[in-house]
Amino acid sequence: MIYGEAMTKTEDRRTRRREQTRTRLIDAARALMAERGFTEVGIAEITQAADLGTGTFYNYFSSRDQLLAAVAEDSMEQIGGALDRDVSGLQDPAEAFASSLRHLVRHALTDRVWGGFLVQMGAAHPVLLRVLGPRARRDLLRGVETGRFSIDDLDLATTCTFGSLVAAIQLAMESEPQDDRDQLFARAMLRMVGVPAEEATEVAARALPEIDVQPGPRT
């Protein structure tokens with residue numbers, strides 16, 4: 001029994017060390033890309049910033065692109081978790097849907113590394129679909145079940161939401177600043193799911209609940 005417990009503790013320590021090392025690589029990559037952009041950062045620079053040997057990188061990631069996907073997923077989990085905690089429970093499904101979209105647009109403009117990830121990945125990227133897809137579908141389904149939304153095909157509506165989101169964020173990042181850009185986008189998406197124009201304008205202009213973006217799970 002003592003031997004077995006010792007082995008378990010040793011395995012737990014190894015698992016924690018691996019998780020810590022992987023997190024160091026992800027955090028180093030994110031910090032460097034925030035300073036210099038996606039295409040200007042190499043593996044050697046990432047491992048140097050993480051204070052790790054270059055060979056260590058390949059114990060965790062097979063390529064730079066795989067690390068980029070991990071950085072993106074980590075960022076998606078953070079914003080997704082914040083929306084789950086602080087927005088999805090709003091009483092009005094239309095307000096919850098609009099508020100989530102507005103926060104995503106605003107977050108992309110505040111954290112341009114995150115926004116750049118989203119645009120670079122595209123609406124059909126597996127990470128985006130895996131992390132944010134179920135959340136978007138849940139919010140749309142709630143609107144349908146309460147009679148707030150009129151949607152013929154839920155999967156198509158979810159796909160259209162992601163495609164529009166990526167396009168709206170790219171436009172916002174490449175254009176002159178516009179204070180109500182998030183509201184305009186939310187209003188258009190509410191109209192897409194059947195909310196009348198005047199009501200969509202009112203819902204999209206409601207005060208946004210604050211969100212607390214916290215680190216998500218890093219697996």
Side-chain angles (χ1 to χ4, degrees), residues 72 75-112 114-125 127-214 216:
S75 300
M76 296 293 172
E77 285 288 0
Q78 290 182 34
I79 186 66
L83 294 175
D84 286 345
R85 289 188 301 270
D86 305 320
V87 175
S88 65
L90 289 171
Q91 185 173 3
D92 181 2
E95 183 177 4
F97 180 60
S99 296
S100 292
L101 295 176
R102 291 178 62 194
H103 269 302
L104 288 169
V105 172
R106 288 190 174 199
H107 190 68
L109 295 175
T110 301
D111 184 348
R112 287 184 170 262
W114 185 86
F117 275 136
L118 201 65
V119 171
Q120 186 182 57
M121 289 162 60
H125 195 284
V127 168
L128 181 61
L129 296 177
R130 181 171 64 251
V131 177
L132 296 183
R135 292 174 164 107
R137 196 178 193 281
R138 173 201 63 200
D139 292 344
L140 289 169
L141 179 60
R142 182 180 169 218
V144 171
E145 291 176 338
T146 58
R148 201 72 167 94
F149 298 160
S150 176
I151 299 174
D152 294 328
D153 188 317
L154 193 61
D155 291 331
L156 179 59
T158 303
T159 300
C160 289
T161 298
F162 278 129
S164 300
L165 174 65
V166 172
I169 286 176
Q170 183 172 10
L171 177 63
M173 293 181 70
E174 295 175 352
S175 303
E176 292 295 323
Q178 185 175 332
D179 291 340
D180 63 347
R181 192 176 295 278
D182 62 305
Q183 292 185 28
L184 293 173
F185 174 59
R187 184 192 312 168
M189 300 310 294
L190 286 170
R191 296 286 289 122
M192 180 193 77
V193 296
V195 178
E198 185 174 344
E199 191 175 2
T201 299
E202 184 274 322
V203 171
R206 290 178 187 173
L208 269 178
E210 294 185 3
I211 62 174
D212 181 17
V213 181
Q214 300 174 359

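Predicted model, so just to flag it, every value in this text is computed and none were measured.
Side-chain contact check for M192 versus M189: some heavy-atom pair is nearer than 4.5 Å. Using a 4.5 Å cut-off on side-chain heavy atoms (C-beta onward), S150 and V193 make no contact.
Every residue meeting the salt bridge (Lys or Arg N to Asp or Glu O under 4.0 Å) condition with D155, not counting sequence neighbours, appears here in chain and number order: R137. The ring pair (Phe, Tyr, Trp, His ring centres under 6.0 Å) search around F97 returns F149, not counting sequence neighbours. The side chain to side chain contact (heavy atoms under 4.5 Å, CB included) test applied to E202 returns R206, not counting sequence neighbours.
Looking only at distances, a side-chain donor or acceptor of R135 sits under 3.5 Å from a matching main-chain atom of V131. Under a 3.5 Å cut-off, the side chain of R181 and the backbone N or O of F185 do not form any donor-acceptor pair. Between the side chain of T146 and the main chain of G143, a donor-acceptor pair closer than 3.5 Å is present. Within the 3.5 Å criterion, the main-chain N or O of G115 finds no donor-acceptor partner in the side chain of H107.
We find that E199 and R148 are joined by a salt bridge, their nearest charged nitrogen and carboxylate oxygen being less than 4.0 Å apart. R102 has no carboxylate O lying under 4.0 Å from a charged side-chain N of D180, or vice versa, which leaves the two without a salt bridge.
Among the candidates D139, D86, L208, D92, the single residue satisfying the side-chain contact (heavy atoms from CB on, under 4.5 Å) test with S99 is L208.
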Point to revise | Residue pair V105, L165: steps toward the side chain to side chain contact (heavy atoms under 4.5 Å, CB included) verdict | key: CA-CA 8 Å; V105 172; L165 174 65; 4.2 Å; yes

**Study point:** Candidate pair D182 and L101, rule side chain to side chain contact (heavy atoms under 4.5 Å, CB included), full reasoning
**Key:** CA-CA 7 Å; D182 62 305; L101 295 176; over 6 Å; no

Practice item. Check the pair T201 / Q183 against side chain to side chain contact (heavy atoms under 4.5 Å, CB included), numbers first and verdict last. Key: CA-CA 8 Å; T201 299; Q183 292 185 28; over 6 Å; no

Review point. For I169 and L109, what are the C-alpha separation, side-chain angles and deciding distance, and is it a side chain to side chain contact (heavy atoms under 4.5 Å, CB included)?
Key: CA-CA 8 Å; I169 286 176; L109 295 175; over 6 Å; no

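Across all their heavy atoms, H103 and P209 have their closest contact at NE2-O, 2.7 Å. Between A157 and I151, the shortest heavy-atom distance links the atoms CB-CG2, 3.7 Å.
No more than 12 heavy atoms of other residues, nucleotides or ligands sit less than 6.0 Å from atom CD of Q91.
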